[in-house]
A.B. asks: 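Pasting a structure here, questions to come.
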Amino acid sequence: MTSPTTALPSITRDEFGDFFAALNGGYAPFSWQEEVLDHICEHGVWPERINAPTGSGKSSVVDIHLFANALAAVGAAPRVPRRLCVTVGRRALVDSQATRADKILGDLKDALADESGEPGILRRVAEALQSFQTRNDGQGIGPFEVGHIRGELSNRALPVTDISACAIIAATPDMYGSRALFRGYGSTKAARPRETALLAMDTVMVLDEAHMNRQLLHTTQRIAELQKREVNLGVPTLQVVETTATPSTEDSESTTLGVDIEALDSPNDKELRKRVYSHKELVLRPIDKWDGKPGNAATVNAAVGVIKEFLARRGVGEGSEVVDTVGCIVNHVRTAISIKEALAKDKVLGKDEVQLLVGRMRPYDLKKLHPDLFTTEGDKSVKVVVATQTLEVGIDVDFADLVTELAPASSLAQRFGRVNRLGHRTDSKVVVIEPASGDSVKKDAPPYKAVDLSNAYAWLEALNGAENPSVNPAAMVKNPPVQSSPERLLYQRPEWPDLLEFSRTDENPYDEPDLDLWLHDSLDAETAMGGVIVRDNLPSNTSAAMEILKTSYFAPSDRETFPANLKILQEILDYQDEHGVKPRKFLYRQGEISLWQDAEHGDESNQSLAPGDVLLLDTGSVPFTNQGIAVTQRELPSTKDKLEAVPFPKGIKLYVYEKCADREKDFREYLGLSPEEVAELLDSQSSGSETRIASELTTEAEDGQEVIAWYADVTDDKKSVEGSDIAQELAPTDPVLLDDHQNDVAERTRQIAENLGLAPEFSEALELAAKYHDEGKRDLRFQQMLGADAETGALAKSGRRSVAEAYRARSRSALPRGWRHEQLSALMVAASPEKVGEHRDLVLRIIGCSHGHGRFSFAHDADFLLKEGYLPEGLDYEALKEQANRLFNVGYWDNLMEQTSRTYGPYATAYLEAVERAADAQISREGH
């Protein structure tokens with residue numbers, strides 16, 4: 001964090017070209033990119049639309065965002081949103097955006113480390129951005145943060161603790177949209193409000209290729225509109241930008257910037273002109289038996305034939321050193337798999353020379369692919385890439401040639417953009433496999449409609465009728481692709497009552513809201529996504545397996561999740577083995593693990609699937625993959641995939657008795673011991689950063705003795721529980737006094753509020769809430785759990801405890817299960833009105849919600865919350881009991897939450913809660 005006395009560097013608007021060139025191989029920004037920056041600097045907001053053809057550098061919104069924030073930091077531009085969230089419906093592009101943000105972050109960190117000579121533009125921008133940081137935990141604070149949410153699990157990659165920092169976040173539409181509506185897929189209930197605050201306040205959301213996500217565009221634009229009704233906190237509310245070559249709305253009042261292909265005469269646009277007018281020869285390949293269905297043999301054979309023609313023309317199979325990768329983009333996973341299998345059978349290419357890329361791949365497997373493949377430089381070792389729609393949008397691949405099958409015109413235009421992307425080649429071809437006659441397109445071919453395929457056929461015929469048929473960006477502008485027909489007659493927009501209801505994040509409603517209505521263009525159930533995980537180390541004892549899955553170290557992670565639609569998940573649930581038995585399945589939903597209960601004898605009252613659900617299976621129990629991709633049962637190969645479970649992160653090792661190869665060695669010291677005796681043994685052995693945790697269940701050993709079912713060795717265990725409730729009871733070094741902790745959090749809250757530019761009245765309310773947010777920890781039961789010494793005073797954190805020790809101390813305490821110290825904090829402050837100022841109810845709300853719970857209700861009433869004899873001296877038990885009855889039994893707390901949401905706004909209140917939570921997390925991370 002830059003101290004108040006540290007002078008910030010000088011940066012001027014005119015230096016954007018130098019900054020851009022330093023990050024982009026010496027290339028200057030295009031004119032349209034300069035115009036977008038000018039607009040932001042002049043108005044303090046982003047344009048509503050950016051129209052730019054494929055290959056014109058739309059990913060530069062990241063560079064523009066960083067530079068605009070650096071200018072704001074040094075007072076050379078207005079305050080602009082600190083976070084940029086790039087949202088696009090292709091997982092591969094989300095990964096690409098996050099990778100590019102990480103690379104830029106690395107460049108700026110290197111510039112910060114280089115203190116030789118006069119500081120260049122990268123170092124000065126990095127220093128300016130770093131001034132937004134408030135944390136001081138010695139973790140190598142960078143100039144900005146990177147977030148990445150593309151799977152169906154929250155992977156802790158959102159910078160919720162660094163709410164004042166500049167940030168770049170890459171997200172898929174479902175992951176962003178669900179969080180914008182307080183219902184983050186894969187998030188725990190406690191995490192929901194702070195993730196919403198992070199992504200829907202002080203944020204500009206850039207929706208790439210918005211024509212593919214019209215409902216999300218309507219939803220987010222409406223959220224941004226409704227936020228104007230909320231109180232003005234002094235920070236920007238949500239800004240929404242649609243970027244596409246084919247705008248999805250016709251609002252003449254919206255500000256639109258972008259590329260004018262008729263005005264590319266500037267020296268800076270020389271490279272762009274080359275891309276816009278690049279050589280991309282269109283060749284139509286009609287076939288008689290085209291039907292648009294998955295795995296159609298005629299389509300597969302035609303595609304394989306075209307690929308071989310491309311390879312022969314370029315001599316790719318003869319050891320060429322030129323990067324002339326051929327692309328093949330088709331409409332279905334089964335078609336892509338069949339093409340790869342056909343190429344493998346011909347043995348024209350080596351196994352690694354053909355890469356398959358679809359959206360339904362787990363991140364662990366994606367990382368094994370060639371890293372240079374998804375760059376304009378390419379990878380010469382890869383000769384062919386076979387892909388589905390995941391390559392349609394924004395990926396910087398630069399294929400020499402492309403074969404694709406008929407798809408809607410807007411989709412084809414995107415696919416054409418993957419060929420000769422930089423305009424360096426003079427002989428690139430694009431072959432489109434289509435039916436022999438337009439009359440053949442009479443039926444829908446999911447996911448596409450017949451009318452869209454028919455329109456695309458006519459559009460291609462028009463393009464092919466030109467003197468020199470081309471599908472370069474200039475041709476796309478002169479003969480625009482026909483817009484796909486809307487999936488819905490009417491688009492839904494959230495209203496104020498909807499947002500108030502969504503914001504009740506800690507409730508257990510009778511039924512969760514169906515977010516498809518607000519997020520998806522299509523209401524087809526097959527579009528809703530979930531995930532599947534396989535594990536090879538779960539014991540056959542289901543209770544022991546549940547115990548492992550509920551342990552924080554072994555919780556499901558994004559990198560091991562196969563994305564899959566709910567149809568595939570349902571088929572997994574319905575699967576029976578050769579004996580008619582349904583293998584066991586576990587369900588991961590909203591951070592909770594449960595055993596899936598199959599319906600019996602026509603009982604339909606069992607669990608039902610919801611978007612974001614993840615099924616956990618034993619390895620090999622249910623076949624569901626083909627080439628490592630989640631598919632339907634009819635798409636399974638004749639021989640099962642050899643599916644591997646993803647290994648645990650370094651520093652975590654699990655020993656399961658029934659699966660252990662050397663039981664005599666690994667479980668020797670635990671033979672004959674009860675779980676309680678094992679716990680005492682581990683307490684006596686624990687030291688340093690290494691922790692051993694063990695099961696509370698036993699199994700029968702080979703010699704008839706009882707032995708614990710499993711145990712695990714863990715290093716750096718506190719990092720794995722960061723953000724969880726147990727982390728609130730731990731300090732990395734010495735015990736932390738409660739008064740010291742609360743004062744430190746209040747001071748950090750003040751610093752963050754000042755850094756953000758929060759209005760003074762809300763800064764004051766936040767500081768008051770932070771000063772008393774942990775008062776409830778004075779309960780003597782809580783202090784006993786922390787191991788407090790009466791002579792030293794009340795503790796906030798125990799210090800020098802392993803996570804396992806902390807969990808055991810909690811389980812042995814006299815506190816009721818689920819007891820919340822922040823509920824007692826709110827009660828104690830409510831009983832002391834002199835502690836709070838003008839915004840009393842707002843202060844109480846921030847205190848009660850300081851860990852994401854209590855948003856409209858708490859689980860415990862007055863009798864469970866308070867216990868006479870355990871309150872600290874000086875407190876009137878009867879008076880507190882009366883106040884607690886009013887708040888939590890009569891229902892005033894629920895009324896307080898409702899009124900503050902209506903008075904201040906659901907997003908404003910979530911944001912204020914998130915600021916206090918960020919300050920608390922920072923101080924805890926720093927050991928105070």
A.B. asks: Looking only at heavy atoms, what is the nearest atom pair of Ile168 and Ala101, with distance?
C.D. replies: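 So the minimum-distance heavy-atom pair works out to CG2-CB, 3.8 Å.
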A.B. asks: State, without any angle test, whether Glu195 and Ser187 hold a side-chain donor-acceptor pair at a distance under 3.5 Å.
C.D. replies: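 Yes - a donor-acceptor pair under 3.5 Å links their side chains.
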A.B. asks: Does Gln633 use its side chain to pair, donor to acceptor, with the backbone of Pro623 at less than 3.5 Å?
C.D. replies: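 Confirmed, Gln633 side chain pairs with Pro623 backbone.
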A.B. asks: If I compare all heavy atoms of Ser59 with all of Arg100, which pair ends up nearest, and what's the gap?
C.D. replies: O-NH1, 3.3 Å
A.B. asks: Report yes or no: does Tyr711 contribute a side-chain atom to a donor-acceptor pair with the main-chain N or O of Asp666 at less than 3.5 Å?
C.D. replies: yes
A.B. asks: What distance separates Arg83 CZ from Ile163 CD1, expressed to the nearest 0.5 Å?
C.D. replies: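 Arg83 CZ to Ile163 CD1: 5.5 Å, rounded to 0.5 Å.
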A.B. asks: Report yes if some heavy atom in the side chain of Trp710 is under 4.5 Å from a heavy atom in the side chain of Glu547; otherwise report no.
C.D. replies: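 Trp710 vs Glu547: side chains touch.
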A.B. asks: Which heavy-atom pair separates Ile533 from Ser557 by the least distance, and what is that distance?
C.D. replies: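 That closest heavy-atom pairing would be CD1-O, 4.1 Å.
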A.B. asks: Do Glu341 and Ser338 have side-chain atoms, one donor and one acceptor, less than 3.5 Å apart?
C.D. replies: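 Distance-only check fails for Glu341 and Ser338.
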A.B. asks: Evaluate the side-chain hydrogen bond (donor to acceptor under 3.5 Å, both in side chains) criterion for residues Glu658 and Ser540: first the C-alpha distance (whole Å), next the side-chain angles of each, then the deciding distance (0.1 Å), finally the verdict.
C.D. replies: CA-CA 8 Å; Glu658 70 178 83; Ser540 58; 3.1 Å; yes
A.B. asks: Could you state the interatomic distance from CD1 (Ile339) to CG (Leu356), rounded to the nearest 0.5 Å?
C.D. replies: 9.5 Å
A.B. asks: Can you check side chain to side chain contact (heavy atoms under 4.5 Å, CB included) on Phe667 and Asp662, steps first, answer last?
C.D. replies: CA-CA 8 Å; Phe667 281 83; Asp662 195 350; over 6 Å; no
A.B. asks: Would you indicate whether the side-chain heavy atoms of Asn331 and Thr388 approach each other to under 4.5 Å?
C.D. replies: no
A.B. asks: Whether the side chain of Asn541 engages the backbone of Ala544 through a donor-acceptor N/O pair (distance < 3.5 Å, no angle test) should be reported.
C.D. replies: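 Indeed, once roles are kept as given, a pair shorter than 3.5 Å links the two residues.
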A.B. asks: Quick check: are there more than 12 heavy atoms from other residues, nucleotides or ligands sitting under 6.0 Å from CD of Glu644?
C.D. replies: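 Not buried by this count: 12 neighbours or fewer within 6.0 Å.
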A.B. asks: Answer whether the closest heavy-atom distance between the side chains of Val386 and Leu357 falls below 4.5 Å.
C.D. replies: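 SC-SC contact between Val386 and Leu357 ruled out.
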A.B. asks: Looking at Thr325 and Val382, would you say the former's side chain and the latter's main chain have a donor-acceptor pair under 3.5 Å?
C.D. replies: yes
A.B. asks: Look only at the side chain of Glu696 and the backbone of Pro675, and say whether a donor-acceptor pair between them is shorter than 3.5 Å.
C.D. replies: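 Looks like no, no N/O pair under 3.5 Å.
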A.B. asks: Within this structure, what is the CG-CG distance for the pair Leu587 and Asp613, rounded to the nearest 0.5 Å?
C.D. replies: 5.0 Å
A.B. asks: Check whether NZ of the Lys or CZ of the Arg Arg183 lies under 6.0 Å from the centre of the six-membered ring of Phe502 and within 45 degrees of that ring's axis.
C.D. replies: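 No, Arg183 does not sit over the ring of Phe502.
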A.B. asks: Would you say the side chain of Leu198 lies within less than 4.5 Å of the side chain of Pro159, judging by non-hydrogen atoms?
C.D. replies: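 In contact.
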A.B. asks: Short question: side chain of Asp577, backbone of Val581 - any donor-acceptor pair under 3.5 Å?
C.D. replies: yes
A.B. asks: Determine the minimum heavy-atom distance between Val646 and Arg362, stating which atoms define it.
C.D. replies: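 For Val646 and Arg362, the tightest heavy-atom pair comes out as CG2-NH1, 3.6 Å.
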A.B. asks: Between atom CG of Leu697 and atom CD1 of Ile708, what is the distance when rounded to the nearest 0.5 Å?
C.D. replies: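 Going from the CG atom of Leu697 to the CD1 atom of Ile708 covers 10.5 Å.
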A.B. asks: Nearest 0.5 Å please: distance from the CD1 atom of Ile337 over to the CD1 atom of Ile629.
C.D. replies: 4.5 Å
A.B. asks: Show, in sequence, the C-alpha distance, side-chain angles and deciding distance for Tyr553 and Phe648, and conclude whether the ring pair (Phe, Tyr, Trp, His ring centres under 6.0 Å) test is met.
C.D. replies: CA-CA 9 Å; Tyr553 314 113; Phe648 293 122; 9.9 Å; no
A.B. asks: Heavy-atom count check: over 12 atoms from other residues, nucleotides or ligands less than 6.0 Å from Lys103 NZ?
C.D. replies: no
A.B. asks: Verify side-chain hydrogen bond (donor to acceptor under 3.5 Å, both in side chains) between Gln414 and Ser411, making sure each step is shown before the conclusion.
C.D. replies: CA-CA 5 Å; Gln414 293 299 328; Ser411 296; over 6 Å; no
A.B. asks: Quick check against the 3.5 Å criterion: does Thr188 have a side-chain atom that pairs as donor or acceptor with the backbone of Ala191?
C.D. replies: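 At least one qualifying donor-acceptor pair exists.
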A.B. asks: Among Leu519, Thr220, Asn213, whose side-chain contact (heavy atoms from CB on, under 4.5 Å) with Pro173 holds?
C.D. replies: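 Between Pro173 and the candidates, side-chain contact (heavy atoms from CB on, under 4.5 Å) is satisfied uniquely by Asn213.
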A.B. asks: With side chain to side chain contact (heavy atoms under 4.5 Å, CB included) as the criterion, how do Ile104 and Val62 come out once you've worked through the C-alpha distance, each side chain's angles and the decisive distance to 0.1 Å?
C.D. replies: CA-CA 9 Å; Ile104 293 174; Val62 170; 3.9 Å; yes
A.B. asks: State, with a plain yes or no, whether a side-chain heavy atom of Arg917 is found less than 4.5 Å away from one of Asp920.
C.D. replies: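 No; the side chains remain at least 4.5 Å from each other.
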A.B. asks: Quick check: does any side chain N or O of Asp521 sit under 3.5 Å from a backbone N or O of Gln215, one acting as donor and the other as acceptor?
C.D. replies: yes
A.B. asks: If you look at every heavy atom in Gln97 and Ala170, which pair is closest and at what distance?
C.D. replies: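 Closest pair (atom of Gln97, atom of Ala170, distance): CB-CB, 3.9 Å.
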A.B. asks: So do the side chains of Phe624 and Leu617 get within less than 4.5 Å of each other, counting heavy atoms only?
C.D. replies: yes
A.B. asks: How many angstroms lie between OH in Tyr185 and OH in Tyr176, if you round to the nearest 0.5 Å?
C.D. replies: 14.5 Å
A.B. asks: Please evaluate residues Val631 and Leu636 with respect to the criterion side chain to side chain contact (heavy atoms under 4.5 Å, CB included), reporting the C-alpha separation (whole Å), side-chain torsions for both, the decisive distance (0.1 Å), and the verdict.
C.D. replies: CA-CA 7 Å; Val631 297; Leu636 289 174; 3.8 Å; yes
A.B. asks: Flag the pair Asp713 and Arg692 as a salt bridge only when some basic side-chain nitrogen lies within less than 4.0 angstrom of an acidic carboxylate oxygen.
C.D. replies: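 Answer for the salt bridge query: yes.
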A.B. asks: List the steps, then state whether side chain to side chain contact (heavy atoms under 4.5 Å, CB included) holds for Lys582 with Tyr575.
C.D. replies: CA-CA 6 Å; Lys582 290 186 175 183; Tyr575 175 83; over 6 Å; no
A.B. asks: Within the distance-only criterion (no hydrogens, no angle test), does the side chain of His148 pair as donor or acceptor with the backbone N or O of Thr99 below 3.5 angstrom?
C.D. replies: no
A.B. asks: What closest approach, in Å, do Ile593 and Lys550 show between heavy atoms, and which atom pair accounts for it?
C.D. replies: O-CE, 3.4 Å
A.B. asks: Is Arg634 paired with Glu571 through a side-chain N to carboxylate O contact shorter than 4.0 Å?
C.D. replies: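 No, this pair does not count.
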A.B. asks: Under a 3.5 Å distance rule, please check whether Thr561 uses its side chain to pair with a backbone N or O of Val532 as donor and acceptor.
C.D. replies: no
A.B. asks: Quick one: do Glu560 and Arg535 make a salt bridge, cutoff under 4.0 Å?
C.D. replies: yes
A.B. asks: Going by side-chain hydrogen bond (donor to acceptor under 3.5 Å, both in side chains), Thr505 matches just one of His853, Lys189, Arg855. Which one?
C.D. replies: Arg855
A.B. asks: Is the shortest heavy-atom distance from the side chain of Arg584 to the side chain of Ser621 under 4.5 Å?
C.D. replies: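 Arg584 vs Ser621: side chains apart.
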A.B. asks: Taking the side chain as every heavy atom from C-beta outward, state whether Phe586 and Leu538 have any atom pair closer than 4.5 Å.
C.D. replies: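 Contact flag for Phe586/Leu538 side chains = yes.
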